[in-house]
Amino acid sequence: MSTDADFIVIGAGSAGCIAAAELARRGVGRVLLLEAGPSDSHPLVKIPFGLVWLMGSKRDWRFKSKPQKGLGGRQLNVHRGRMLGGSGSINSMVWFRGRRDDFDGWNVNGWAWPEVEPAFEAVEAKLQPNQMIGVHPLVQALSGLFGGNANEAPTPEYESAGTFRFNMRAARRWSAADAFLRPAQDAYDLKVRADSEVDRVEFDDGQAKRVVLIDGMKLNASRGIILSAGSIGSPAILMRSGIGPAAHLQELGIAVIHGSNEVGENLHDHPAVGLHFAGPRSGYGLTLSQLPAWALAPFRYLFTRKGRFASPTVEGGAFFNARDDVGEPDVQCHFIPFMVDWKGSRFAHGSGYFADVCVCRPKSRGRLRLTSADPNVAPDIDLGLFQDPDDVETLLAGLKRLRALMNKAAFGKYRAPEAFPGPDVSSDEALRQHIKNRGATAYHPVGTLRMGERTAPVTPRLAVAGVSGIWVADASVMPAVTSANTNAPSMMIGYRAAEFISEDAA
Ligand SMILES: Cc1cc2nc3c(=O)[nH]c(=O)nc-3n(C[C@H](O)[C@H](O)[C@H](O)COP(=O)(O)OP(=O)(O)OC[C@H]3O[C@@H](n4cnc5c(N)ncnc54)[C@H](O)[C@@H]3O)c2cc1C
């Protein structure tokens with residue numbers, strides 16, 4: 001039978017673009033990359049501020065979580081990019097590897113810090129993340145909080161604050177699609193098919209052989225298939241393909257190829273909650289006096305690559321210990337020098353800023369399950385938020401310390417008073433209620449196909465356990481979320497996947 005490719009990669013996100021490009025570069029044969037969404041050639045994808053409009057657009061999967069018990073039954077938006085570049089095409093481009101001991105703590109053979117570091121370096125050689133130029137003065141003021149200097153980006157390794165690093169080039173988004181995919185398409189045997197949503201993978205005698213698209217079209221892979229559809233997409237595709245908890249698959253009428261109880265388990269994200277500040281002449285916002293600046297913003301961006309359109313909204317932040325100032329950081333703060341609404345509308349009137357605090361190593365776990373064998377029906381996404389009370393207590397302590405830090409920062413004439421929840425909300429009980437009412441996530445879901453030994457659904461070499469010819473390369477394989485934003489670690493995983501697969505499939 002003729003084949004459509006030697007390797008088919010499913011999902012052109014942060015990890016999938018790199019896995020496909022690196023497989024092609026290593027000369028493994030014909031590589032075909034399938035992406036459910038459209039191309040990323042849209043001005044809003046390239047302009048850093050564009051993400052404000054991309055979230056909730058047709059380039060977002062627009063998933064909703066199950067009602068969360070820990071949030072009084074609220075459902076959360078689970079934003080996921082749906083185009084070339086994946087979530088890396090709608091994210092804020094904040095760049096952190098994570099903490100070294102995050103990887104040691106995974107306790108997976110071959111994934112300790114010295115083993116992952118070279119892959120980070122290889123990825124960074126192309127992405128060239130750097131501190132943002134032209135940050136708002138409010139963000140510049142953060143760098144004094146722990147005695148660092150303005151040229152030093154904060155790090156989760158110790159208490160620090162200031163301007164973050166971003167994967168932007170010349171004030172434009174520079175995603176895995178830009179840095180890896182397009183150059184590899186020109187140079188190697190790599191084809192990309194956008195608008196090709198995958199339903200499932202088919203197996204012959206336990207060997208992954210072909211991919212079925214939702215319109216029924218089948219594409220054959222002679223040597224292997226790589227799942228890079230992300231922490232929501234990859235476990236869903238695997239379950240529809242017959243690999244997952246056997247009883248759950250049988251309930252939905254899916255023939256079981258291999259029973260694997262942990263598929264879809266271990267779903268977790270960084271829980272977060274924030275403080276809103278509002279006052280005249282503070283951060284960017286919609287006010288009469290700022291109207292001329294907004295009107296000029298597109299032209300300023302076009303001709304100088306500066307101004308508010310060059311901002312990915314989050315410009316900086318901090319890592320600190322929630323409970324005292326001598327421990328290791330256990331919370332991260334994202335600082336947005338824009339007025340962020342707290343009443344439910346996307347654009348808020350007034351001038352102000354926003355700072356959140358999120359738990360670096362959450363203990364709560366949820367899970368992902370299918371609701372139907374039909375790929376057009378969204379899965380059940382239970383983020384399990386605050387199932388472990390320790391996460392609430394860390395956020396509570398973190399909020400208190402965040403308040404103290406915001407009071408201490410030398411914001412000068414840009415300082416604004418806390419507007420929500422407001423300084424009167426200060427007792428532990430009231431702050432716990434604020435966490436319940438307003439808690440959300442940082443859009444970093446991981447862990448649904450954790451790699452590991454024995455019962456883990458994915459092996460340390462990223463092969464799906466119990467079958468052959470299929471691997472996973474995306475954020476779903478992380479046994480535990482890293483201590484900061486997850487894009488760089490996802491890319492590192494994509495890079496290592498290509499290393500492993502090119503060696504193991506030989
Ligand atoms: C709004 C937002 C802001 C964020 N900000 C940051 C940040 O500033 N810094 C940071 O480090 N991290 C950030 N993140 C998280 C980061 O972007 C992700 O952790 C990372 O992109 C995950 O990479 P991935 O390869 O696992 O999945 P993704 O990049 O999501 O890629 C999965 C790809 O698979 C495709 N796909 C899914 N299902 C199918 C299917 N059935 N058929 C075909 N294709 C399919 C998707 O369309 C997508 O292109 C943010 C995320 C979001 C949503």
Side-chain angles (χ1 to χ4, degrees), residues 8-20 33-40 48 51-52 54-57 59-63 77-98 127 129 164-168 173 175-177 181 192-201 211-214 226-238 240-241 269-270 312-315 317 332 334 336 375-376 378-379 441-449 472-478 481-482 484-494 497:
I8 297 181
V9 180
I10 302 171
S14 298
C17 284
I18 298 186
L33 175 59
L34 302 174
E35 167 56 40
S39 113
D40 57 348
L51 66 94
V52 170
L54 290 172
M55 287 164 73
S57 75
R59 285 182 153 82
D60 179 351
W61 284 84
R62 290 180 283 194
F63 292 122
N77 291 324
V78 182
H79 295 291
R80 300 280 84 203
R82 190 180 198 277
M83 67 182 122
L84 295 187
S87 298
S89 285
I90 64 166
N91 73 4
S92 300
M93 299 170 280
V94 172
W95 189 267
F96 283 109
R97 294 177 174 187
L127 267 291
F164 285 166
R165 295 201 302 157
F166 295 86
N167 52 296
M168 298 196 282
R173 182 181 296 278
S175 71
L181 189 62
V192 181
R193 263 183 80 135
D195 300 305
S196 302
E197 185 171 342
V198 171
D199 170 5
R200 62 187 194 277
V201 173
V211 169
V212 185
L213 303 186
I214 59 167
I226 296 101
L227 272 174
S228 293
S231 295
I232 309 297
S234 287
I237 293 172
L238 207 55
R240 289 199 295 268
S241 310
D269 198 330
H270 289 129
T313 69
V314 176
E315 294 189 359
Q332 178 180 8
H334 297 93
I336 299 181
N376 297 300
T441 73
Y443 311 129
H444 300 155
V446 303
T448 45
L449 292 173
V472 184
D474 59 34
S476 68
V477 304
M478 292 187 210
V481 71
T482 49
N485 313 64
T486 45
N487 200 30
S490 305
M491 292 198 198
M492 176 278 286
I493 289 166

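Order of listing sets the numbers, starting from 1, for every ligand and every atom in it. What you see below is based on every heavy atom in this structure, not just the backbone, and it leaves out hydrogens, waters and symmetry mates.
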Between Thr313 (side chain) and Ile336 (backbone), is there a donor-acceptor pair under 3.5 Å?
no
When you look at Asn91 and Arg173, which way does the side chain to side chain donor-acceptor pair (under 3.5 Å) test go after all the steps?
CA-CA 9 Å; Asn91 73 4; Arg173 182 181 296 278; 3.0 Å; yes
Donor + acceptor pair across side chains of His270, Asn485 (<3.5 Å):
no
If you measure only the distance, is there a donor-acceptor pair under 3.5 Å linking the side chains of Asp474 and Ser228?
no
Let me check something: any side-chain donor-acceptor pairs from residues 77-85 under 3.5 Å, sequence neighbours excluded? List them with distances.
{"unit_1": "Asn77", "atom_1": "OD1", "unit_2": "Lys64", "atom_2": "NZ", "d": "2.7"}
{"unit_1": "His79", "atom_1": "ND1", "unit_2": "Asp60", "atom_2": "OD2", "d": "2.5"}
{"unit_1": "Arg80", "atom_1": "NH2", "unit_2": "Tyr443", "atom_2": "O", "d": "2.9"}
{"unit_1": "Arg82", "atom_1": "NH2", "unit_2": "Glu197", "atom_2": "OE1", "d": "2.6"}

Less than 4.5 Å apart, side chain to side chain, heavy atoms only: is that true for Ile8 and Ile226?
no
Need the list: ligand 1 N/O atoms against protein N/O atoms, distance under 3.5 Å, rounded to one decimal.
{"unit_1": "ligand 1", "atom_1": "5 (N)", "unit_2": "Ser92", "atom_2": "N", "d": "3.2"}
{"unit_1": "ligand 1", "atom_1": "8 (O)", "unit_2": "Ser92", "atom_2": "N", "d": "3.3"}
{"unit_1": "ligand 1", "atom_1": "8 (O)", "unit_2": "Met93", "atom_2": "N", "d": "3.1"}
{"unit_1": "ligand 1", "atom_1": "8 (O)", "unit_2": "Val94", "atom_2": "N", "d": "3.0"}
{"unit_1": "ligand 1", "atom_1": "9 (N)", "unit_2": "Val94", "atom_2": "O", "d": "2.9"}
{"unit_1": "ligand 1", "atom_1": "11 (O)", "unit_2": "Val94", "atom_2": "O", "d": "3.1"}
{"unit_1": "ligand 1", "atom_1": "11 (O)", "unit_2": "Thr486", "atom_2": "N", "d": "3.2"}
{"unit_1": "ligand 1", "atom_1": "11 (O)", "unit_2": "Asn487", "atom_2": "N", "d": "2.7"}
{"unit_1": "ligand 1", "atom_1": "12 (N)", "unit_2": "Asn487", "atom_2": "N", "d": "3.4"}
{"unit_1": "ligand 1", "atom_1": "17 (O)", "unit_2": "Asn91", "atom_2": "ND2", "d": "3.1"}
{"unit_1": "ligand 1", "atom_1": "19 (O)", "unit_2": "Thr486", "atom_2": "OG1", "d": "2.7"}
{"unit_1": "ligand 1", "atom_1": "21 (O)", "unit_2": "Ser14", "atom_2": "OG", "d": "2.8"}
{"unit_1": "ligand 1", "atom_1": "21 (O)", "unit_2": "Asn487", "atom_2": "OD1", "d": "3.2"}
{"unit_1": "ligand 1", "atom_1": "25 (O)", "unit_2": "Ser14", "atom_2": "N", "d": "3.4"}
{"unit_1": "ligand 1", "atom_1": "25 (O)", "unit_2": "Ala15", "atom_2": "N", "d": "2.9"}
{"unit_1": "ligand 1", "atom_1": "26 (O)", "unit_2": "Ala475", "atom_2": "N", "d": "2.9"}
{"unit_1": "ligand 1", "atom_1": "29 (O)", "unit_2": "Ser14", "atom_2": "N", "d": "3.1"}
{"unit_1": "ligand 1", "atom_1": "29 (O)", "unit_2": "Ser87", "atom_2": "N", "d": "3.0"}
{"unit_1": "ligand 1", "atom_1": "30 (O)", "unit_2": "Ser87", "atom_2": "N", "d": "3.4"}
{"unit_1": "ligand 1", "atom_1": "30 (O)", "unit_2": "Ser87", "atom_2": "OG", "d": "2.7"}
{"unit_1": "ligand 1", "atom_1": "41 (N)", "unit_2": "Val198", "atom_2": "O", "d": "3.0"}
{"unit_1": "ligand 1", "atom_1": "42 (N)", "unit_2": "Val198", "atom_2": "N", "d": "2.9"}
{"unit_1": "ligand 1", "atom_1": "44 (N)", "unit_2": "Ala36", "atom_2": "N", "d": "3.1"}
{"unit_1": "ligand 1", "atom_1": "47 (O)", "unit_2": "Glu35", "atom_2": "OE2", "d": "2.7"}
{"unit_1": "ligand 1", "atom_1": "47 (O)", "unit_2": "Trp61", "atom_2": "NE1", "d": "3.0"}
{"unit_1": "ligand 1", "atom_1": "47 (O)", "unit_2": "Gly81", "atom_2": "O", "d": "3.3"}
{"unit_1": "ligand 1", "atom_1": "49 (O)", "unit_2": "Glu35", "atom_2": "OE1", "d": "2.6"}
{"unit_1": "ligand 1", "atom_1": "49 (O)", "unit_2": "Glu35", "atom_2": "OE2", "d": "3.3"}
{"unit_1": "ligand 1", "atom_1": "49 (O)", "unit_2": "Met83", "atom_2": "O", "d": "3.2"}

